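A quick write-up on the structure given underneath.
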Amino acid sequence: MPMALTCFILTPNLKERVKTMIDLPLRLRRLRRTENLRRLIRETELQTNDFIYPLFVKEGLDKRQAISSMPGQFQLCLGDLKQEVKEIESLGIPAVIVFGIPQNKDERGSESFHPHGIVQQAIREIKKHSQTLLVISDICFCEYTDHGHCGMLQGKEVDNDGTLELLGKQAVAHAEAGADILAPSGMMDGMVQAIRTALDKSNFSHLPILSYAVKYASCFYGPFRDAAEGTPQFGDRKGYQMDPANGQEALREAMLDMREGADMLMVKPAMNYLDIIYRVKQQNPSIPLCAYQVSGEYSMIKNAASHGLLDEEQAMFESLTAIKRAGSDFIITYFAKEVCKGILQAHP
Ligand code: PBG
């Protein structure tokens, strides 16, 4: 008798497997028969606690303006914030992330650290209407510079170390306005350490940093650049944001930012990078991990749904559930209000 066949017959494990295949005692469909059975064994459940809603506040507007590339999203004026805050709180959303769009942009993005810059005004206005809603501020320069890059230029290059000093200044200005969490998104080397040092020197050692540690040079930010008006006037961001082809490098980025003192990490975008979310979480299970479902992910679903290609509500829940299942603890998404409405309807 040939060797392989002898093993097949003699191994008890294999015997059992063959028997299982014949009798089918294990039928996984038994646990999928009714909605309550499915609820009982569900491994991932979205909660209103999981979401952060992005707000765009533009200087010089007197009423909200629809963002054409992002159906259902608006550039807001300061006067809109009271109503927004009420709605966001009533939906149980714990945090917002604020992006400011100034009227005047310059080479150094000075509106980002001016005490009366639009983002500082927006933070103060939100805090006036709620003490408890967490305000995260995006610390970057692309919305504030006339060239649209995420830092200071030296020739045609973004000057890393020159930018660090101004990042610290910007973070302190946002903290003074009342920001609860600072979220550096410019992918400068050393940005977390520079911001931590600047905050600590200015008596803000209690404020956490949520680092956009793993941010890819993605075309899925396309619609956001309309919303925040921060398109680079020349070149691209590949010299500082990560190459979508790289996975191991994400683990180095995460490790470095933790060492520099990041309190929470972020992976961005989300849907094309579920493997990265999974790997960063597996490598660093103890640090809270955020994922950003970016503008392009949102607009794709919205547009496909408006053309009748897929069900919007289901696509929203499925995409967000997948992002959480991959390992993120919370999610920044333009769907935050809609998904929380859906959650509250299902579990009033
Ligand atoms: C940089 C920043 C960007 C996004 C968030 N913060 C743009 C970029 O890096 O090009 C993109 C978010 C989105 O697409 O929803 N300030």
Side-chain angles (χ1 to χ4, degrees), residues 51-58 67-75 95-102 105 109 111-113 117-119 122 136-152 158 163 166-167 170-171 174 179 181-188 191 195 209-244 253 265-273 290-303 316 319-320 323 331-337:
F51 296 103
I52 298 170
Y53 185 61
L55 293 174
F56 299 103
V57 186
K58 183 171 174 177
I67 301 166
S68 60
S69 58
M70 299 173 69
Q73 303 303 313
F74 296 85
Q75 288 180 327
V96 292
I97 182 161
V98 192
F99 298 96
I101 307 141
K105 304 190 182 207
E111 286 294 305
S112 70
F113 44 82
I118 183 65
V119 73
I136 305 173
S137 88
D138 185 85
I139 306 292
C140 193
F141 282 101
C142 58
E143 296 114 72
Y144 305 97
T145 49
D146 51 12
H147 45 75
H149 276 286
C150 300
M152 302 317 103
V158 174
T163 302
L166 292 177
L167 279 173
Q170 184 184 142
H174 293 192
I181 300 172
L182 292 310
S185 67
M187 289 297 280
M188 295 300 122
M191 66 183 185
I195 290 171
I209 295 174
L210 164 59
S211 176
Y212 286 68
V214 182
K215 178 173 173 179
Y216 286 91
S218 169
C219 75
F220 287 85
Y221 309 148
F224 174 93
R225 291 179 185 170
D226 276 358
E229 302 178 11
T231 312
Q233 298 304 303
F234 65 90
D236 53 39
R237 303 202 203 286
K238 291 179 185 163
Y240 37 101
Q241 297 179 348
M242 277 183 60
D243 182 345
E253 282 284 4
L265 301 179
M266 193 193 304
V267 171
K268 175 187 169 187
M271 200 142 80
N272 290 344
Y273 298 88
C290 176
Y292 198 143
Q293 183 182 50
V294 300
S295 55
E297 300 177 64
Y298 170 84
S299 295
M300 264 197 317
I301 292 175
K302 282 279 177 186
N303 277 291
M316 169 178 78
S319 62
L320 292 167
I323 294 166
I331 305 170
I332 303 177
T333 174
Y334 304 97
F335 281 121
K337 286 189 200 171

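Whatever order the structure lists ligands and atoms in, that order sets their numbers, starting from 1. None of these values were measured; they are calculated from a predicted model.
- Side chains of Glu297 and Ser319: a donor-acceptor N/O pair is absent below 3.5 angstrom, by distance only.
- Proximity of Ser295 to ligand 1, defined as any heavy-atom pair under 4.0 Å, is shared by backbone and side chain alike.
- Ser69 is linked by a side-chain hydrogen bond (donor to acceptor under 3.5 Å, both in side chains) to Asp226, counting only residues two or more places apart in sequence or in another chain.
- Residue Arg225 has at least one heavy-atom neighbour below 4.0 Å for each of these atoms of ligand 1: 8 (C), 10 (O).
- Residue contacts with ligand 1 for Tyr334 involve side-chain atoms from C-beta outward but no N, CA, C or O (heavy atoms, distance under 4.0 Å).
- Summarising the contacts of atom 2 (C) of ligand 1 with Met266, Glu143, Lys215, the nearest heavy atom is found in Lys215.
- Less than 4.0 angstrom separates some heavy atom of Arg237 from each of these atoms of ligand 1: 8 (C), 9 (O), 10 (O).
- Against a heavy-atom cut-off of under 4.0 Å, Cys142 is close to the following atoms of ligand 1: 1 (C), 16 (N).
- For Lys337, the side-chain hydrogen bond (donor to acceptor under 3.5 Å, both in side chains) partners are Glu84, Glu87, not counting sequence neighbours.
- Relative to the six-membered ring of Tyr292, Lys215 misses at least one condition, a distance below 6.0 Å or an angle of at most 45° to the axis.
- Of the protein's non-hydrogen atoms, the one nearest atom 5 (C) of ligand 1 is Lys268 NZ, 2.6 Å.
- Counting only N and O atoms by type, the side chains of Tyr144 and Gln170 include no donor and acceptor under 3.5 Å apart.
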